[in-house]
Amino acid sequence: MTIQTIKTTPYADQKPGTSGLRKRVTVYQQPNYVENYIQAIFDSLEGFAGQTLVIGGDGRFYNDVAIQKAIRIAAANGFGKVLVGQGGLLSTPAASNVIRHYKAFGGLVLSASHNPGGPEGDFGIKYNIGNGGPAPEKITDAVFARTKVIDTYKTLDTPDIDLGSIGTQEIGDMVVEVIDPVKDYATLMEQLFDFGAIRELFASGFRMTFDAMHAVTGPYAHAILEGMLGAPKGTVINGTPSPSFNDGHPDPNLVYCKEMYDLLMTPTGPNFGAASDGDGDRNLIIGKNRFVTPSDSLALLAANAHLAPGYKGGIAGIARSMPTSAAADRVAEKLGIEMHETPTGWKFFGNLLDAGRVTICGEESAGTGSNHVREKDGLWAVLLWLNILAVRKQSVDEIVREHWATYGRNYYTRHDYEEVDSAIANALVDDLRGRLAGLPGQVLQGLEVAYADDFTYHDPVDGSTSAKQGVRVGFKDGSRIVVRLSGTGTVGATLRVYLERYEPADGQHDLETQAALEPLIKLTESLAGIKARTGRSEPSVIT
Ligand code: G16
């Protein structure tokens, strides 16, 4: 077995986005595409000789090919050990836990999250640092710079490594240890939550459906919900990971989980429905007759976290991404704890969590998590909900209504325009930016503009600044319009419009969401001219 140094030429399109490098599988299949990117990551790091690297993926198409390449390149670059999930599987939160638990130098997470899989679908690679979280911009910028000039990569001429059985093997000077992907994660969940109370809840006849969407959380959900917590067999559906997600779209929202939503709206349906995405970091929460928006879920989990043993001492603070509704802010205010607003991307929570300034974080894009790992965590959110339901002995609907009656309700929706021509989308946002200075003080359709800017984040921990993170127009009554371009799409641009309206504790809490936000929808159109400029008559997805 010898280390080989292979000549290569750079690709111009390896700029990491919101969450690593996401591209079509066909792009990743180009010669040396994976090799260049992984070598560029290692070239941007220092001090890993002899250290441990964690590698795992969501099992999507090309996972098995890329993982073999990654192991060979890691060995040739001098890592001492690779920890890899059996079958190449690790959910993103489980990978984060493994990195932290075994004090690894970092990890490679192979996933394109909620994007479709299969030969025509998407693939992705993300580097996580030793705290278990996505690499900060300082590193991703260095990686991108390196991809532009890379001319060689190192690998090992070794046959494929057997990832099917648990145990250790050696390749060159490096040890490869294949681990049970579920075990450490399940142990962590058992420490955080009152499994006894949740077991009793299921024993009392409480019924739930968990849709693993043919993705990575299947084995975790089977083991924890049906195994450790005693939920009846059949509670977990679509629980066997498939490389193409059974030709589905593993995005847990009301479009792709419509069947579950309909089931939860019927009188004979289960009490609780939940789902997670391709790599297991997102969540969908639906109670009987009550869908909980991710923004509300963040606020509710933060307000009730103390009911779970892992958070019984209370929480230090809350962070949310800028486009996420301000529902959590009201909880933080009442609890008298820190509240932070960060740009979109889980990586921005890392410093706040490491510094102990926040305990719970969340995003409108169906991500919630805490300081137990440094990724958002789909099953964690489901288990915290179950813990709260078990203790409060109320329905989801009752808990949500009580919350609104205490804090008020933030009506919230996101309208996505997918696969828009990039030049048109960029020009639209640029023009909107150009109009912002004149807006404060103006009254638009009866709403007075309080502020209008392009969000700039100043990290309070390391002092770094991230500019141009999304256009926001805030109104005196707490309403808000946010427009930004997604950093996770793989074809053209995805334009996201986030709309929010606040109704106080004694206000109207029973309006239909789109109707409640209709004036803001109209106002956005008059400000940004989305329909006229993109030629779209309506959004591709409304959540
Ligand atoms: C990633 C990031 C999230 C972000 C989401 C959507 O999630 O980790 O922080 O909110 O993308 O980002 P965008 O609006 O730029 O598409 P995931 O689940 O795709 O890894």
Side-chain angles (χ1 to χ4, degrees), residues 19-26 28-29 34 38 53-71 82-99 107-128 160-166 176-186 210-225 236-252 256 275-283 373 375-379 488 490:
S19 196
L21 183 70
R22 287 193 193 155
K23 297 283 173 192
R24 284 280 194 249
V25 166
T26 46
Y28 263 105
Q29 284 170 326
V34 169
I38 294 177
L53 181 74
V54 174
I55 310 181
D58 60 9
R60 65 178 57 229
F61 183 83
Y62 209 58
N63 196 62
D64 51 350
V65 177
I67 211 161
Q68 295 288 344
K69 291 177 193 267
I71 295 172
V82 156
L83 285 173
V84 55
Q86 188 178 20
L89 292 183
L90 274 177
S91 77
T92 293
S96 182
N97 179 47
V98 172
I99 295 171
L108 292 173
V109 180
L110 311 181
S111 169
S113 188
H114 53 289
N115 295 12
E120 309 300 323
D122 290 342
F123 191 73
I125 300 179
K126 180 172 67 163
Y127 178 69
N128 282 24
D160 276 1
I161 296 103
D162 171 22
L163 302 179
S165 13
I166 289 172
V176 178
E177 183 175 351
V178 179
I179 59 171
D180 179 338
V182 176
K183 208 166 133 253
D184 294 316
Y185 179 82
F210 178 86
D211 188 351
M213 305 192 89
H214 305 278
V216 78
T217 45
Y220 296 83
H222 278 304
I224 297 172
L225 297 174
V236 178
I237 57 169
N238 304 321
T240 305
S242 127
S244 66
F245 309 115
N246 206 29
D247 294 328
H249 195 139
D251 191 354
Y256 302 113
S276 192
D277 69 331
D279 62 331
D281 57 3
R282 298 186 174 207
N283 72 83
V373 289
E375 290 277 4
K376 54 189 183 275
D377 188 343
L379 261 177
T488 58
T490 54

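The residues of the chain are indexed from 1 along the displayed sequence.
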Residues in side chain to side chain donor-acceptor pair (under 3.5 Å) with [X], at least two apart?
| X | answer |
| --- | --- |
| Thr92 | Asp279 |
| Asn63 | none |
| Asp122 | Arg24, Asn115, Thr490 |

Holding to salt bridge (Lys or Arg N to Asp or Glu O under 4.0 Å), I want the full list of residues that pass it with [X], two or more places apart in sequence or in another chain.
| X | value |
| --- | --- |
| Lys376 | Asp281 |
| Asp211 | none |
| Asp64 | none |

Listed by chain and number, what are the side-chain contact (heavy atoms from CB on, under 4.5 Å) partners of [X], not counting sequence neighbours?
| X | value |
| --- | --- |
| Leu163 | Ile67, Gln68, Ile71, Val84, Ile161, Val178 |
| Val65 | Tyr62, Lys69 |
| Asn283 | Ile285, Thr368, Ala381 |
| Asp180 | Ile166, Val182, Lys183 |

request  = Under the ring pair (Phe, Tyr, Trp, His ring centres under 6.0 Å) rule, collect the residues that match up with Phe61, sequence neighbours excluded.
outcome  = none
query = Residues two or more places apart in sequence or in another chain: which of them pass ring pair (Phe, Tyr, Trp, His ring centres under 6.0 Å) with Tyr220?
reply =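 Counting only residues at least two positions away or on another chain, Tyr220 forms a ring pair (Phe, Tyr, Trp, His ring centres under 6.0 Å) with Tyr185.
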ask   = Would a distance-only check, ignoring hydrogens and angles, find a side-chain to backbone donor-acceptor pair under 3.5 Å from Asn246 to Gly248?
value =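 No; judged by distance alone, with no hydrogens or angles, the pair does not exist.
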If I compare all heavy atoms of [X] with all of [Y], which pair ends up nearest, and what's the gap?
| X | Y | value |
| --- | --- | --- |
| Pro250 | Phe245 | CG-CD1, 3.5 Å |
| Pro241 | Ala215 | CG-O, 3.6 Å |
| Thr217 | Gly280 | CG2-CA, 3.5 Å |
| Val236 | Ala212 | CG1-CB, 4.5 Å |
| Pro119 | Thr26 | O-CG2, 4.1 Å |
| Leu21 | Tyr28 | O-OH, 2.7 Å |

task = Report the residue from Ser276, Ser111, Ser91 that forms a side chain to side chain contact (heavy atoms under 4.5 Å, CB included) with Val216.
result =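 Exactly one candidate clears the test, Ser91.
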task = Would you indicate whether the side-chain heavy atoms of Glu177 and Leu83 approach each other to under 4.5 Å?
result =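 Side chain of Leu83 against side chain of Glu177, heavy atoms only: contact under 4.5 Å found.
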request  = Would you check if Ile237 and Phe210 make a side-chain contact, meaning some heavy-atom pair closer than 4.5 Å?
outcome  =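 When only atoms from C-beta onward are counted, Phe210 and Ile237 do not touch, as no gap falls below 4.5 Å.
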task = Please report the C-alpha distance between Met213 and Arg282 in whole Å, then the side-chain angles of each, then the deciding distance to 0.1 Å, and finally whether the side-chain contact (heavy atoms from CB on, under 4.5 Å) criterion is met.
result = CA-CA 12 Å; Met213 305 192 89; Arg282 298 186 174 207; over 6 Å; no
ask   = About how many Å separate CD of Gln86 and CG of Asp162, when rounded to the nearest 0.5 Å?
value =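 Nearest 0.5 Å value for the CG-CD distance: 9.0 Å.
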